[in-house]
Participant: 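Sharing a structure here in structure tokens format.
Worth saying up front: this structure is predicted, and the values here are computed from it rather than measured. Both backbone and side-chain heavy atoms feed into the values below; hydrogens, waters and symmetry mates do not. A, B, ... follow the sequence lines: proteins, then strands. Residue 1 opens every chain.
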Number of protein chains: 2
Amino acid sequence: MTTIREVAKRAGVSVATVSRVLNKKGYVSQETKERVLLAIEDLKYKPNDVARSLFKGKSKLIALLVPDIVNPFFPELARSVEDVCNAHGYTFVLCNTDNSMEKELSYITALQQKSVDGLIVVSSTLTKEHTEEIKVPIVSLDRTFSANVTTVKSNNRQGAKLAAEYLKSIGCKRIAHVTGPESASNTRERLKGFLDVVRNDDWFISDYIVTGNYNMLVAKEAITDLLLKHPEIDGLFAGNDVMAVGALKVAEQLNVRVPDDLSIIGFDGITLGETTTPTLTTVAQPIYKMGSRAAELLIEQINDPSILKKTEELPVELIVRQSTRKKR
Amino acid sequence: MTTIREVAKRAGVSVATVSRVLNKKGYVSQETKERVLLAIEDLKYKPNDVARSLFKGKSKLIALLVPDIVNPFFPELARSVEDVCNAHGYTFVLCNTDNSMEKELSYITALQQKSVDGLIVVSSTLTKEHTEEIKVPIVSLDRTFSANVTTVKSNNRQGAKLAAEYLKSIGCKRIAHVTGPESASNTRERLKGFLDVVRNDDWFISDYIVTGNYNMLVAKEAITDLLLKHPEIDGLFAGNDVMAVGALKVAEQLNVRVPDDLSIIGFDGITLGETTTPTLTTVAQPIYKMGSRAAELLIEQINDPSILKKTEELPVELIVRQSTRKKR
DNA sequence: AAATCATATGTAACGGGTTACATACACTGT
DNA sequence: ACAGTGTATGTAACCCGTTACATATGATTT
């Protein structure tokens, strides 16, 4: 690795001058500047970011922590975070925490030790106490865990209401709900919205609510049990699209016709829902907007750490496709 | 941020002693060690990795660059790379290059400047010349671009042969192929394998080969054109699963029945192929193995940079599901 | 003519761990 | 009694880019 001192020597100037050229800061004569630039070129000099970070305490690095990289929702979310970070000159990296608090904390520690400038986390396991120990600007995305952390999420409760109401409106009489993990705040919000709509109906029993984990495998098992035990179910609201797709497959295996015998609604609005047969009716979150707002708010916070923490809640939208019966 | 000097002061020892305790290296008496550990605890001291990296020129960081994070193949690949990296004490991050040489080079530069210990890249745009300028250990995954870079890939040509032969064996008489981008080495290899099988057949015309881009959108357009122009096609080998799923959707739109009118085979073996209706027949790559071998070879190379570069080619396997006609 | 200022460049301290080298003491062996 | 060895700890240089501060020169102002 060539260093700034070698460049300085080659250009016949001091390291300060080279640094001034590099950072376009302070006075440098045109002629000297050219000589330095030439030396940089000749030696293929690339400044060492580690040394720069050490002095500045900044790294121009932003990381996004997601609980399950294999769930397509998160790559889609990552795309938008990435775009905003790049546009602002930050290097963006993605980390998978596997829904494990241990991995989450280990990433946060490792990244902090690398002077990461800011973190965006999608987490069900972090608590207020944890975040108070984190000295790096942080934004919570998709889930809430502390009022003291800037949060970007969608209106989960409203979305769940939309879903349940729509199922009712197309004539479903027995509606079930597969939830995400109880630890996730959006699971609880979506459940609330669902209950808002069905709680007072005669037919409603708590058996109709089963717990999934936002992934396909667990959801398929839970839904299989559910449908076998309660064949009267004619509507299903899944906590996310991946589980809804799982429901589609389960229905197929059990010879339950979708949407004729069973209407299914997912949540998220990921591309996957357009590739299934039937395509998936879903409560779409503004994925790109969520990611980009989170990134924008994080960068604001990096630039001014004293900025007020706030929660932004974005609207959701019901997208009707083929997995629900036609309205009439 | 507490520094090692504050810890030293608090424990009444020198920074060298604290460093020795931290790194479990050199002589430290039991009694001193305990005092230092206590001071670390009290001050919640976390060593600054940036300073450590600066001195050592190492960062315990490994990055994986993928061309399209939204293609589920890459998150699945990333999972295995991550596991191996974590098991060896490395922090693992994922970067999306969007198939753009510019983004790729910009990530590589940024990561090198951060003293990344090693890179795994899935790239169609890097050349031998580029890699010669990269001084960090590097492993190419899924695609080849220089004999001088350790590479882990699957047997693409053999896989394509399997696919084409299988389509023939179930009675397909007009078989088409949607390829990936021409710049990707695996596109060319898969095309070769396909041609190995069909080149000498009377029916074969070059019109049956259309270019996709490994993503759904481009593939759907290309396949729509193809099927409209050549309704006689009864077999389709897609260069990857995502495009095969696109083909499934196109067939549905055009009222072409799969598999009765058209048999479709994908390539990759991602989970997505199990969620479609019909489920996807595919040439499965050993995704987990590919990622983990790449990570292992990279770590070997980090530990011994003089190690010989080599290419590992892993076997593929045809998985027959519902998108192809039954053999009889 | 002296004071002031914009321009141009260099010196050296700094950020925070790491480690080569120096120092010191206790103990073993002869 | 002295060399040799293992144990324990400290000092300061080092990694490399940044920047406060010092110095110097020519131009402008009063």
Side-chain angles (χ1 to χ4, degrees), chain A residues 1-40 43-61 109-117 135-136, chain B residues 1-40 43-61 109-117 135-136:
Chain A
M1 268 285 135
T2 24
T3 72
I4 198 171
R5 281 162 234 272
E6 299 173 50
V7 175
K9 184 179 278 179
R10 171 118 185 181
V13 298
S14 74
V15 291
T17 303
V18 178
S19 181
R20 278 188 280 260
V21 171
L22 282 169
N23 299 296
K24 301 179 171 60
K25 203 190 259 178
Y27 295 112
V28 184
S29 73
Q30 185 60 31
E31 190 247 349
T32 312
K33 188 171 166 183
E34 276 161 21
R35 240 175 335 125
V36 170
L37 255 17
L38 197 70
I40 289 176
L43 300 172
K44 291 186 184 164
Y45 169 69
K46 295 272 186 322
N48 179 330
D49 247 8
V50 176
R52 186 178 281 168
S53 291
L54 176 59
F55 188 86
K56 295 236 183 183
K58 306 232 158 202
S59 60
K60 280 282 164 185
L61 181 69
T109 307
L111 289 164
Q112 274 200 92
Q113 289 177 352
K114 294 187 190 315
S115 298
V116 71
D117 284 353
K135 283 140 246 151
V136 174
Chain B
M1 268 285 134
T2 24
T3 71
I4 199 170
R5 281 162 235 272
E6 299 172 51
V7 174
K9 185 179 276 179
R10 171 115 183 185
V13 296
S14 74
V15 291
T17 303
V18 178
S19 181
R20 279 188 279 257
V21 171
L22 283 170
N23 298 296
K24 302 179 173 55
K25 203 190 258 177
Y27 295 113
V28 183
S29 73
Q30 185 59 31
E31 191 247 349
T32 312
K33 187 172 167 183
E34 276 160 21
R35 243 179 329 132
V36 170
L37 255 16
L38 198 69
I40 289 175
L43 299 171
K44 290 185 184 165
Y45 169 70
K46 294 270 187 319
N48 179 330
D49 248 8
V50 177
R52 184 176 285 168
S53 291
L54 177 58
F55 187 85
K56 295 237 184 181
K58 307 231 157 201
S59 60
K60 279 281 161 188
L61 180 70
T109 308
L111 289 165
Q112 275 200 91
Q113 289 177 354
K114 293 188 190 315
S115 298
V116 71
D117 285 353
K135 282 141 248 150
V136 174

Participant: Rounded off to whole Å, could you give me the NZ-to-C1' distance for the Lys56(A) and dA13(C) pair?
Facilitator: 17 Å

Participant: Measure from OH on Tyr45(B) to C1' on dG16(C) and round the result to the nearest Å.
Facilitator: 7 Å

Participant: With nearest nucleotides of DNA chain D determined for Arg35(B) and Asn48(A) from heavy-atom distances, which residue corresponds to the more 5′ nucleotide?
Facilitator: Arg35(B)

Participant: Without decimals, in angstroms, what is the distance between Leu54(B) CG and dT18(C) P?
Facilitator: 11 Å

Participant: In whole Å, what is the span from the CD1 atom of Ile4(B) to the C1' atom of dT19(C)?
Facilitator: 11 Å

Participant: Name the nucleic acid region contacted by Thr2(B), choosing base, sugar-phosphate or nothing; use a 4.0 angstrom heavy-atom cut-off, strictly under.
Facilitator: sugar-phosphate

Participant: What integer distance in Å separates Asp49(B):CG from dG17(C):P?
Facilitator: 10 Å

Participant: For Arg5(A) and dA12(C), give me the distance from atom CZ to atom P, rounded to whole Å.
Facilitator: 12 Å

Participant: Looking for any heavy atom pair under 4.0 Å, which part of the strands does Ser19(B) touch: base, sugar-phosphate only, or nothing?
Facilitator: base

Participant: Would you kindly give the CD-to-C1' distance between Glu6(B) and dG15(C), to the nearest whole Å?
Facilitator: 13 Å

Participant: Between protein and nucleotides 23-26 of chain C, what N or O pairs are separated by less than 3.5 Å?
Facilitator:
none

Participant: Hey, what do you get for NZ (Lys135(A)) to NZ (Lys46(B)), rounding to the nearest 0.5 Å?
Facilitator: 6.5 Å

Participant: For the helix from dA1(C)-dT30(D) to dT30(C)-dA1(D), what angle lies between the axis at the first five pairs and the axis at the last five pairs, to 10 degrees?
Facilitator: 50°

Participant: On DNA chain D, compare the nucleotides closest to Arg20(A) and Ala16(B); which residue's is nearer the 5' end?
Facilitator: Ala16(B)

Participant: At what distance, to the nearest 0.5 angstrom, does OG of Ser19(A) lie from NZ of Lys25(A)?
Facilitator: 8.0 Å

Participant: Across the strands shown, which category fits Asn23(A) at heavy-atom distances under 4.0 angstrom: base, sugar-phosphate, nothing?
Facilitator: sugar-phosphate

Participant: On DNA chain C, compare the nucleotides closest to Val15(A) and Thr32(A); which residue's is nearer the 5' end?
Facilitator: Thr32(A)

Participant: Heavy atoms under 4.0 Å, any strand shown: does Val13(A) hit a base, just sugar-phosphate, or nothing?
Facilitator: sugar-phosphate

Participant: Earliest and latest nucleotide of DNA chain D, 5' to 3', sitting under 4.0 Å from a non-hydrogen atom of chain A?
Facilitator: dC16(D) to dT19(D)

